[in-house]
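See structure below.
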Protein chains: 2
Amino acid sequence: MEPALELARLRRACTHCTMHTLCLPAGSDALSLRPQDSLIRSDRTLGRGERLFRAGQVLDAVYLVRDGALKTITLAKDGEEQVLGFHLPGEMVGLGALATGRHRSEAVSLTATRVCEVPFAELGQLAARSPSLQAQLLRVMGQGVARDQDHVEMLIRRQAAERIALFVHGLQERYRLGGRSASELVLPMSREEIGRFLGLALETVSRGFSRLQEDGVIAVSGRRVEILDAAALGRLVQ
Amino acid sequence: MEPALELARLRRACTHCTMHTLCLPAGSDALSLRPQDSLIRSDRTLGRGERLFRAGQVLDAVYLVRDGALKTITLAKDGEEQVLGFHLPGEMVGLGALATGRHRSEAVSLTATRVCEVPFAELGQLAARSPSLQAQLLRVMGQGVARDQDHVEMLIRRQAAERIALFVHGLQERYRLGGRSASELVLPMSREEIGRFLGLALETVSRGFSRLQEDGVIAVSGRRVEILDAAALGRLVQ
DNA sequence: CGGCGCATTGAATAACTTCAAGGCTGGTGG
DNA sequence: CCACCAGCCTTGAAGTTATTCAATGCGCCG
């Protein structure tokens with residue numbers, strides 16, 4: 001990758017990062033944070049299919065996706081994979097472990113992915129010293145809760161077409177919040193993974209995309225999805 | 001209700017309440033909390049069908065269910081109700097609003113219900129002064145996230161029978177954690193509400209219960225559900 | 001260029017929803 | 001006290017939707 005492009009990507013990722021004050025302290029009470037309070041332990045790079053954490057593992061850090069994408073999954077009794085969530089740049093991973101201190105799910109990289117690692121033990125101490133950081137932490141956790149609720153709202157819809165429209169719409173929204181082009185998406189996940197996220201067979205997902213294409217809402221070519229009629233998509237989910 | 005029974009119920013509710021140190025400060029750093037730090041503003045009593053908060057309303061407090069039961073719902077475009085969660089004694093309500101500061105859903109009482117109201121603004125300040133309180137707060141929030149994830153895991157299952165078995169099993173578990181009899185449940189919600197929680201038609205829910213009864217797993221009589229074979233139920237969900 | 005993984009599409013089957021009727025229960029008023 | 005009413009639950013039958021099984025197509029990488 002070219003250095004200039006790389007730098008631009010980094011800047012973009014950090015600007016939109018929900019926790020960027022953690023690595024670059026700022027805000028009204030920035031003075032209460034010392035320079036060495038920067039929380040980011042290190043960056044980790046994961047290859048496709050690599051695991052960030054596994055189920056049962058002790059929670060020692062939460063993670064922020066800088067670049068790439070992750071999925072969090074659980075394995076049902078029959079070994080079938082259930083996808084609990086997809087995590088895009090700027091989003092947080094690992095909050096599901098807060099209740100017990102151990103991860104309930106595992107996080108798997110979908111593409112080449114870089115994450116910022118935030119040691120969990122220090123996070124609480126630091127939050128206590130910085131009201132704005134604490135508020136921000138609560139807000140980020142709240143966003144995770146809100147995404148879970150969006151997921152639930154998708155799944156409760158009984159028609160496959162509605163779930164799929166909600167999925168595409170939600171992705172578009174998150175890409176937009178992440179500062180990326182919103183009209184053309186390149187999905188980091190397969191049809192099968194979408195199906196395991198939406199509670200549908202992969203064929204049903206494929207047919208759903210085809211149907212949206214027939215209706216002129218999107219243009220699909222494998223994992224490349226172009227939003228042709230955002231208004232129509234909005235109407236489908238509203 | 002007789003006074004003795006009432007007192008016993010209160011004691012039980014508070015003992016198992018996830019946040020009972022808030023109203024009766026205790027723990028290793030209890031001394032850092034002053035008596036007037038008790039957070040509970042007041043108790044509120046709701047009749048069946050009454051609303052605790054509505055969508056769009058500013059988050060000014062979170063609530064702990066002391067007695068009774070609540071549901072949180074959203075309304076789809078067609079006015080159809082979706083049930084996001086049921087909230088039993090000892091559980092917290094209102095966390096979905098953390099991201100934006102406004103409630104995304106509304107909370108409706110299913111029976112006569114009493115809740116403890118925890119002013120949100122003071123909660124953060126107090127948590128900063130008490131590490132153990134902060135840890136507890138995070139844990140309770142984590143429990144909310146975990147319940148949402150359980151909900152998602154139910155909904156992803158494509159077979160109605162599996163979802164229903166998971167629902168009954170999960171309820172039993174929560175009754176048990178709340179210190180109540182685990183073998184006989186009296187459901188506070190209707191078949192229709194269960195359906196809107198599980199993404200199923202109410203008739204499908206009814207048939208699912210009947211099927212579990214035929215198989216000797218439970219005995220059903222309207223809203224009274226007796227767990228006859230807990231091992232079999234565990235096998236169905238495991 | 002060939003192979004492999006992933007996506008699409010078709011046809012048959014299974015599952016769930018919808019429509020409809022009947023039954024149970026708890027509350028209310030005669 | 002009993003009958004009736006309303007709401008909720010159950011059960012049956014028909015219709016719809018999604019899954020499963022199967023075959024084909026497409027693109028990417030070695």
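For clarity, every value in this text was computed on a predicted model and none was experimentally measured. A, B, ... follow the sequence lines: proteins, then strands. Residue 1 opens every chain.
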Q. Among the nucleotides C:dT8, D:dC9, C:dT17, which one has an atom lying closest to any side-chain atom of A:Arg191?
A. C:dT8
Q) Looking across every strand, which nucleic acid part, if any, lies under 4.0 Å from B:Thr204 by heavy atom: base, sugar-phosphate, or nothing? A) base
Q. Are any of A:Ser210's side-chain N or O atoms less than 4.0 Å away from OP1 or OP2 of C:dT9?
A. yes
Q: Provide, to the nearest angstrom, the distance between the CD1 atom belonging to A:Ile194 and the P atom belonging to D:dT19.
A: 14 Å
Q) Quick one: which of C:dT18, C:dT8, C:dT9 gets closest to the side chain of B:Glu203? A) C:dT18
**Q.** Residue whose closest nucleotide on DNA chain C lies nearer the 5' end, A:Val220 versus B:Arg207
**A.** A:Val220
Q. A:Arg48 side chain: which of D:dA13, C:dC6, C:dC16 is closest?
A. C:dC6
Q) If you check every side-chain atom of A:Ala201, which of D:dT19, C:dT17, D:dT10 has the closest atom? A) D:dT19
(Q) Hydrogens and angles aside, do A:Thr74 and A:Gln82 bring a side-chain donor and acceptor to less than 3.5 Å of each other? (A) yes
Q.
It should be established whether B:Arg223 places a side-chain nitrogen or oxygen under 4.0 Å from OP1 or OP2 of nucleotide D:dC8.
A. no
**Q.** Out of C:dT18, C:dC16, D:dT20, whichever nucleotide has its closest atom nearest the side chain of B:Leu200
**A.** C:dC16
Q) Just checking A:Gly199: base, sugar-phosphate only, or nothing, at a heavy-atom cut-off of under 4.0 Å? A) sugar-phosphate
Q: Would you kindly give the CZ-to-P distance between B:Arg224 and D:dT10, to the nearest whole Å?
A: 13 Å
Q: Could you please name the option among D:dT10, C:dA15, C:dT17 that lies closest to any side-chain atom of B:Leu202?
A: D:dT10
Q) How about B:Arg223: does its CZ atom have over 12 heavy atoms from other parts shown lying under 6.0 Å from it? A) yes
Q.
I want to check one thing: is the phosphate of C:dT18, taken as OP1 and OP2, less than 4.0 Å away from some side-chain N or O of A:Arg158?
A. yes
